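Model, not experiment: these values are computed from the prediction.
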Amino acid sequence: MTTVETVRFKLIPGTDPEAFGKLDEKVENEYMAKRPGFVSREVTLSDDGEYLVIVHWASPEEADATMSGFFGAPETQEFLAAIDKSTVSSGRYAKVER
């Protein structure tokens with residue numbers, strides 16, 4: 001069953017959004033997309049500066065395996081350093097099959 005993860009966050013004040021976009025692209029291409037079960041990833045931005053990232057995984061186990069290493073991976077450190085940790089919220093959903 002496809003698993004969908006969401007993460008909402010804002011950047012640390014003073015972070016250049018264009019520079020963050022490059023960090024985000026690096027995380028997607030050099031970390032997320034190389035993990036087993038990765039299906040797709042979308043990044044959206046609200047008018048008030050909140051990011052919403054939506055990641056689709058083939059299974060919850062593959063999502064768990066990737067996320068368990070995310071915070072320690074060298075490819076994610078600059079990305080994580082730009083995020084205001086106090087604004088982070090996440091969720092996990094199972095795709096409804098019709």
* Asked: Hey, what's the ring geometry for Phe9 with Phe79, parallel, tilted or perpendicular (30° and 60° as the breaks)?
  ->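 It falls in the perpendicular class, over 60°.
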* Asked: Is it true that Val39 and Val4 fall in one hydrophobic cluster, defined by side-chain heavy atoms closer than 4.5 Å?
  ->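 No, separate clusters.
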* For the hydrophobic clusters of this structure (ILVMFWY residues joined by side-chain heavy atoms under 4.5 Å, transitively), does one cluster hold both Val55 and Val88? ->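 Linked within one cluster.
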More than 12 foreign heavy atoms under 6.0 Å from [atom1] of [X]: is that the case here?
X: Asp47; atom1: CG; result: no
X: Arg8; atom1: CZ; result: no
X: Glu78; atom1: CD; result: no

* Asked: Side chains of Asp84 and Leu11: closer than 4.5 Å at any heavy-atom pair?
  ->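 In short, these two side chains do not touch, never coming nearer than 4.5 Å.
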Look at the side chain of [X] and the backbone N and O of [Y], then say whether any donor-acceptor pair between them is shorter than 3.5 Å.
X: Thr76; Y: Ala73; result: yes
X: Thr6; Y: Ser90; result: no
X: Lys85; Y: Leu80; result: yes
X: Glu5; Y: Trp57; result: no

* Just do the salt bridge (charged side-chain N to carboxylate O under 4.0 Å, His left out) check on Glu50 and Lys10 with the steps written out, would you? => CA-CA 5 Å; Glu50 181 181 63; Lys10 290 188 174 185; over 6 Å; no
Show me the side-chain donor-acceptor pairs of residues 18-27 shorter than 3.5 Å, one per line, residues at least two apart or across chains.
from  : atom 1 : to    : atom 2 : distance (Å)
Asp24 : OD1    : Arg41 : NH1    : 3.2
Asp24 : OD1    : Arg41 : NH2    : 2.6
Asp24 : OD2    : Arg41 : NH1    : 3.3

Any chance you could measure [X], atom [atom1], to [Y], atom [atom2], to the nearest 0.5 Å?
X: Thr66; Y: Met32; atom1: OG1; atom2: CE; value: 6.5 Å
X: His56; Y: Thr3; atom1: NE2; atom2: OG1; value: 10.5 Å
X: Phe38; Y: Glu62; atom1: CZ; atom2: CD; value: 12.0 Å
X: Ile12; Y: Ile83; atom1: CD1; atom2: CD1; value: 8.5 Å

* **Heavy-atom pair with the smallest gap, counting every atom of Tyr51 and Pro17** =>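 That would be OH-CB, 4.1 Å.
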